[in-house]
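Below, chains carry the letters A, B, ... as their sequence lines are ordered, and counting in each starts from 1.
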Amino acid sequence: MTVIATVAPLPSNPLHRNRDAPINFLNVAKNLLQNSHLQAEGLHARLLKAGFLSFTSICNTLVHRYSDSGQISHARQVFDEIPQRNHVSWTSLISGNSRLGNSEDALETFLRMLDHGFHPNQFAFGSVLRSCSVSGYLEFGEQLHGLIMKMGFFCNVFVNSGLISTYSRNGRFDTALEILERMEKDVFSWTVMIIGFSNGRKPFEAITTFARMLKEGMMASEFALTSFFKACAYMEGLREGSQAHCYAIKTGLEDVMSVRASLIDFYVKSGDIHNARLIYDRSSPYDVVMCTAMIGAYAHNGNTKQAIEMLHEMIREFDISPNEFTFASLISSAAENGDVGLGTILHAFALKAGYSAITHVEGALIDMYAKGGNIEDAFTVFNNMETKDNVSCSSLLSGLSSNGYDQEALEFFSDLHNSSVKPDPFAVASAMTSCAKLSDQLVGKQIHSQIIKSGLESDTCIASSMIDMYAKSGTIEDAQSVFENLSAKDRIAWTAIIDGYAQHGQGRKALELFGEMIEAGINPNEVTFVSVLNACSHSQLIEEGIWLFGLMKSEYRIEPLIEHYACVVDLLGRAGRLEEGLEFINAMPMQPTTLIWRLFLGACRNHNNLNLGIQASKFLLELDPEDDAAYVLLANIYAFNDQWGNALETRNIMKLRNVRKVPGLSWVLVQNSYHVFGAGDTCHPQKELIYKKLYEVMSNVKKAGYVPVTEFALHDVNESEKERLLVHHSEKLAVAFGLIGSVEGSPIRVFKNLRICGDCHAAIKLISLVYRRTIIVRDVSRFHHFSEGACSCGEYW
DNA sequence: ATAGGGTTAG
């Protein structure tokens with residue numbers, strides 16, 4: 001509703017041209033507003049001078065102009081001085097705030113408008129919904145939804161699109177889709193849904209929706225296409241993306257720069273850097289966006305060198321300056337390579353160019369420093385951030401974890417709840433991984449309950465981290481139930497559960513699941529094969545393992561990595577096929593690493609092969625003279641063979657080189673806290689009770705047939721002293737305390753930082769029989785489930 | 001339009 005008013009012209013009115021013709025001054029003023037090249041301030045001054053600010057519609061347009069140029073406080077001032085505000089005035093201010101990202105002000109203005117008795121129209125709803133969408137005010141959005149239904153806007157395409165955006169951006173895809181299904185659909189509403197799916201990491205749904213849109217005879221816009229390519233990039237959908245590329249060429253949309261930039265991104269992420277480069281080469285003259293897209297392509301394709309070369313070319317030859325996107329890309333590339341040197345240079349460059357305080361750049365810097373092991377500098381960047389966001393927090397979380405500060409990571413995570421940054425799925429998954437690494441099921445369960453409350457159970461990343469946490473902390477049943485409840489099981493979830501069973505020594509079950517995974521059409525990757533091969537080696541499935549090792553290359557075209565060779569060495573080594581293992585090592589297409597020799601040496605120790613053990617330790621110490629396992633295992637082999645002189649000499653060399661043995665420690669979970677023990681430990685406040693229990697236990701198992709395996713007391717002392725040393729091993733102390741502190745019949749969970757000792761293994765089997773308890777010991781390489789006098793490992797470890 | 005983070009193994 002436009003107010004048409006004719007007023008007497010002011011004598012000095014510069015707009016006044018013809019006294020005779022009736023002039024619609026308002027239209028003239030509006031024309032001026034729309035076509036003028038004047039800044040908003042200039043216009044404001046002229047309109048004020050000409051006396052036009054008493055007209056509501058003129059003021060409304062001025063509000064619009066001010067907010068368009070980002071001067072929201074001026075817009076607000078004009079709005080405040082409008083003598084007679086109408087609903088357009090309110091809507092202009094709401095949409096201004098919304099477009100400038102002042103979501104809270106937009107919401108607040110909307111509420112004030114209602115208080116003043118104005119009914120929102122489709123534009124007011126559209127604007128305020130956009131704010132709800134981007135700022136996560138889902139609950140407010142739901143209330144608006146109610147109001148919209150009540151006011152009869154449920155058929156309005158514009159308003160419905162806003163609702164779809166609000167719901168899909170905040171994880172409520174089902175509701176968003178329901179609205180779309182019910183409404184009269186136009187290109188815009190389809191596109192909003194596609195964008196929602198694409199940004200919400202639901203690529204399949206995005207692609208299906210796109211196909212449906214075309215089927216209904218709509219033409220895709222450049223916005224629908226860019227989102228489509230984003231979805232294809234995420235799922236490496238080379239086929240779907242290429243088809244849409246043809247569509248883009250046919251419709252001429254390929255000429256649109258935004259489409260090209262997203263095409264480059266899609267081809268790169270699908271592994272086709274060649275096509276990406278072709279599109280780039282046809283895009284001259286270049287701008288910063290195109291160059292950055294291509295730099296990002298190289299940066300995330302492991303080709304940092306080429307990315308840096310392009311940066312030079314862009315600056316020197318095209319005279320284009322990098323922007324914050326360019327820096328973020330390059331710094332994250334340095335992060336992927338753990339190249340703190342390059343990262344630091346880029347940091348300095350970004351600082352000089354004035355981009356180092358941009359949130360994305362800071363996020364990349366934190367990740368770069370943390371991944372490179374420089375957690376202090378990561379913290380410096382983090383602490384200097386003006387506004388810390390989700391990404392910087394989760395970068396820091398995963399950085400703490402990868403540097404071994406898992407306890408600190410969990411404290412940081414818990415502090416987040418009292419801060420303005422709410423943990424998102426990335427942060428939650430990271431924290432869960434810290435729990436997994438610490439085998440801390442107590443904190444893991446607490447976070448699990450938060451996950452249930454926030455409805456994030458079906459997030460595949462979170463679910464995978466939970467499967468891992470439950471498996472690593474000893475309850476494979478819980479891992480299984482998380483896995484079963486997951487509707488969309490991806491490769492990582494399958495791999496996590498397979499690995500869980502592998503660690504628990506249930507190799508057959510792991511292979512069964514591997515078969516189901518293949519049947520479900522999920523392709524294994526190199527990680528899956530590490531887990532599958534581990535499952536074989538822990539469960540004496542030697543021929544199966546060797547067969548799978550071959551299958552990896554022949555069927556799945558995965559070139560075995562050193563990790564896979566290590567699995568086979570372990571497989572043969574555990575089986576005692578040491579000669580064969582050594583042949584296998586010598587036939588490897590790459591140089592054996594410390595990992596390979598350490599595994600082989602461990603096998604020599606287990607199967608008591610002195611000669612091969614000496615050889616293996618020689619190779620291992622050549623590669624790493626500080627490898628404590630090399631000395632300890634060799635000394636143990638000597639000791640086991642009664643070569644006490646050599647054993648002593650090995651230990652002396654170790655001492656001389658200042659290499660320290662990692663002390664063996666065992667933890668036991670008693671009444672919701674972890675209690676730690678070393679060998680012969682007397683630090684526990686209940687030590688008298690614990691030792692009394694320990695001696696009682698040992699005397700009872702002796703009656704049941706336990707004979708101390710004194711070969712495992714690797715010191716040159718007499719038999720009774722050896723027995724005394726064995727009794728005080730940390731895992732026995734932990735089990736004794738577990739028996740005191742837990743409810744009769746409940747399982748006892750022990751964790752050890754080294755491999756379980758053979759004598760303790762024998763003793764705990766009988767403890768499980770005599771005391772009718774399930775005892776679960778997780779050592780450094782796997783789980784042992786003791787029950788009824790037997791262990792799940794079947795003596796095969 | 002181009003940008004920063006998370007999940008499985010070792």
Hits for ring-ring contact (aromatic ring centres under 6.0 Å, His included) against A:Phe783, two or more places apart or cross-chain, chain-then-number order -> A:His504
Sorted by chain and number, sequence neighbours left out, ring-ring contact (aromatic ring centres under 6.0 Å, His included) with A:His245 holds for A:Tyr267
What residues 325-333 of chain A contributes to the DNA chain B interface at heavy-atom separation below 4.0 Å is A:Phe325, A:Ala328, A:Ser329, A:Ser332
Students should find that the nucleotides of DNA chain B closing off the region near chain A, any atom under 4.0 angstrom from a heavy atom, are B:dA1 to B:dG10
Base, sugar-phosphate, or nothing for [X], non-hydrogen atoms under 4.0 angstrom?
X	answer
A:Leu595	sugar-phosphate
A:Lys230	nothing
A:Asp265	sugar-phosphate

Item to complete: State whether A:Phe266 and A:Lys230 meet the cation-pi test: NZ (Lys) or CZ (Arg) under 6.0 Å from the six-membered ring centroid, and within 45° of the perpendicular axis.
Response: no
- Item | Test ring-ring contact (aromatic ring centres under 6.0 Å, His included) applied to A:His347 and A:Phe327, step by step | CA-CA 8 Å; A:His347 189 176; A:Phe327 283 115; over 10 Å; no
Output yes when A:Arg260 and A:Glu222 qualify as a salt bridge under the 4.0 Å nitrogen-oxygen rule, no when they do not. no
#### Entry: Cationic N near anionic O, under 4.0 Å, A:Asp627 to A:Arg598
yes
Salt bridge (charged side-chain N to carboxylate O under 4.0 Å, His left out) filter on A:Lys553, not counting sequence neighbours, yields A:Glu559
The salt bridge (charged side-chain N to carboxylate O under 4.0 Å, His left out) partners of A:Asp570 (sequence neighbours excluded) come to A:Arg574
